[in-house]
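These notes are about the structure you will find just below.
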Amino acid sequence: MRLLKSYGTHNPILIQVLQNTTGPILELGAGPFSTPLIHWLCAESGRKVETYDDEKEYFDFADQFKSRNHKILLVKDWDTVGEGKHWGVVFIDHKTERRAIDALRLKDFADYIILHDSETDHYGYSQVYPHFKYVYQWDFCEPWTAVLSNIKQLPSH
């Protein structure tokens with residue numbers, strides 16, 4: 001597998017937010033960088049994690065991290081994933097056409113929403129930002145990662 005320098009650029013800000021928050025984690029879109037990172041940062045403390053994907057390849061990869069505290073779920077319908085529960089962090093890095101929809105849909109269910117690939121408007125994030133009280137763009141490297149909240153000020157950086 002060829003890994004590019006631009007892969008995993010969300011990790012530094014994801015680590016910072018996870019280490020400065022509590023509550024369960026919702027990961028929309030499994031990945032070789034985010035899923036293991038989230039799993040291991042939360043494993044020892046027993047922090048609950050739910051990872052969802054609708055692509056079998058990513059689901060199969062993530063399934064190795066399934067544990068008592070980490071659910072790995074194959075999605076048939078994204079429209080209700082994560083609703084009805086309050087999340088400490090929602091990490092969004094899944095299907096292109098769903099990212100903005102799910103960020104808006106979950107805005108009242110999370111302390112923080114993290115959006116990967118926020119350096120362009122390819123995912124429609126410009127329609128998302130006005131719905132949040134706090135917006136921070138972590139632009140140290142590309143692709144950028146945005147941290148959003150309507151509930152809490154952003155962790156210091």
Side-chain angles (χ1 to χ4, degrees), residues 1-21 23-42 49-62 65 72-83 86-157:
M1 175 186 340
R2 181 171 179 253
L3 297 179
L4 302 174
K5 180 181 176 185
S6 62
Y7 287 19
T9 59
H10 56 286
N11 282 353
I13 197 70
L14 184 56
I15 291 168
Q16 182 180 2
V17 172
L18 289 177
Q19 289 180 330
N20 288 288
T21 59
I25 311 301
L26 176 62
E27 179 185 27
L28 302 183
F33 294 92
S34 60
T35 303
L37 177 69
I38 293 168
H39 176 84
W40 291 118
L41 284 173
C42 298
V49 180
E50 292 183 21
T51 298
Y52 291 82
D53 212 304
D54 64 353
E55 295 184 31
K56 181 115 171 70
E57 179 182 7
Y58 285 102
F59 170 81
D60 289 344
F61 164 78
F65 296 99
I72 309 296
L73 300 148
L74 188 60
V75 177
K76 291 184 172 121
D77 178 11
W78 287 105
D79 288 333
T80 59
V81 170
E83 288 186 354
H86 187 82
W87 303 96
V89 177
V90 173
F91 178 65
I92 295 180
D93 192 18
H94 63 320
K95 295 184 102 41
T96 300
E97 65 275 7
R98 290 296 314 195
R99 291 188 188 194
I101 292 167
D102 291 324
L104 289 172
R105 186 175 61 77
L106 295 168
K107 69 181 177 60
D108 298 321
F109 294 96
D111 291 339
Y112 298 97
I113 293 181
I114 300 175
L115 304 174
H116 191 223
D117 304 307
S118 62
E119 73 283 358
T120 71
D121 198 35
H122 178 73
Y123 300 98
Y125 292 157
S126 66
Q127 302 302 310
V128 172
Y129 300 142
H131 295 271
F132 286 87
K133 184 175 180 181
Y134 305 105
V135 176
Y136 171 67
Q137 284 287 357
W138 191 71
D139 60 1
F140 177 74
C141 54
E142 283 191 17
W144 297 356
T145 302
V147 183
L148 316 171
S149 182
N150 278 326
I151 299 170
K152 297 186 175 190
Q153 287 189 341
L154 302 175
S156 60
H157 37 276

**Message:** I'd like to know if the side chain of T9 and the backbone of P143 have a donor-acceptor N/O pair within less than 3.5 Å.
**Reply:** yes
**Complete:** Taking every heavy atom of I113 against every heavy atom of A103, the minimum-distance pair comes out as CD1-O, 3.5 Å
**Message:** Closer than 3.5 angstrom, by distance alone: can the side chain of R105 be matched with the main-chain N or O of G82 as a donor-acceptor pair?
**Reply:** no
**Request:** Please name the pair of heavy atoms, one in G31 and one in T35, separated by the smallest distance, quoted to 0.1 Å.
**Result:** N-OG1, 2.9 Å
**Request:** Decide yes or no on side-chain contact (heavy atoms from CB on, under 4.5 Å) for D93 and R99, but give the supporting numbers first.
**Result:** CA-CA 7 Å; D93 192 18; R99 291 188 188 194; 2.8 Å; yes
**Request:** Evaluate the ring planes of F91 and H10, with Trp represented by its six-membered ring, and classify them as parallel (under 30°), tilted (30 to 60°) or perpendicular (over 60°).
**Result:** parallel
**Fill in**
Tightest non-hydrogen contact, residues A62 and A30, listed as CB-CB, 3.6 Å
**Message:** Restricting to non-hydrogen atoms, name the atom on K133 and the atom on N150 that form the minimum distance, rounded to 0.1 Å.
**Reply:** N-OD1, 2.7 Å
**Prompt:** Under 4.5 Å between any side-chain heavy atoms of F33 and N11, yes or no?
**Reply:** yes
**Message:** Quick check: do H94 and D102 have side-chain heavy atoms less than 4.5 Å from each other?
**Reply:** yes
**Request:** Using atom types as modelled and distance alone, determine if a side-chain donor or acceptor of S149 lies under 3.5 Å from a backbone N or O of D111.
**Result:** yes
**Item:** Residue list, salt bridge (charged side-chain N to carboxylate O under 4.0 Å, His left out) with K56, at least two apart or on another chain
**Value:** D60
**Message:** Going by ring-ring contact (aromatic ring centres under 6.0 Å, His included), name the residues that satisfy it together with Y125, two or more places apart in sequence or in a different chain.
**Reply:** Y123
**Asked** Where the side chain of S118 meets the backbone of A146, is there a donor-acceptor pair that is under 3.5 Å apart?
**Response** yes
**Asked** Looking at side-chain heavy atoms only, is the closest gap between F65 and I38 below 4.5 Å?
**Response** no
**Prompt:** For atom CD of Q127, is the number of surrounding heavy atoms from other residues, nucleotides or ligands below 6.0 Å larger than 12?
**Reply:** no
**Prompt:** Just wondering, are more than 12 heavy atoms of other shown residues or ligands nearer than 6.0 Å to OH in Y134?
**Reply:** yes
**Fill in**
Minimal heavy-atom distance between S34 and L14, with the atoms involved, is CB-CD2, 4.3 Å
**Complete:** Given the options L148, V17, I13, Y136 meets side-chain contact (heavy atoms from CB on, under 4.5 Å) only with I13
**Asked** If you take all heavy atoms of K107 and L104, which pair is closest and at what distance?
**Response** CG-O, 3.2 Å
**Message:** Quick check: do L106 and E83 have side-chain heavy atoms less than 4.5 Å from each other?
**Reply:** yes
**Prompt:** Is the shortest side-chain N to carboxylate O distance from D54 to R98 below 4.0 Å?
**Reply:** no
**Request:** Check the surroundings of atom CZ in F132: do more than 12 heavy atoms from other residues, nucleotides or ligands lie under 6.0 Å from it?
**Result:** yes
**Request:** Would you check if the side chain of Y112 reaches a backbone N or O of Q153 as a donor-acceptor pair within less than 3.5 Å?
**Result:** yes
**Message:** Counting neighbours of CD on E57 that are heavy atoms of other residues, nucleotides or ligands and sit closer than 6.0 Å, is the number greater than 12?
**Reply:** no
**Request:** Taking the side chain as every heavy atom from C-beta outward, state whether F140 and P12 have any pair of such atoms under 4.5 Å apart.
**Result:** no
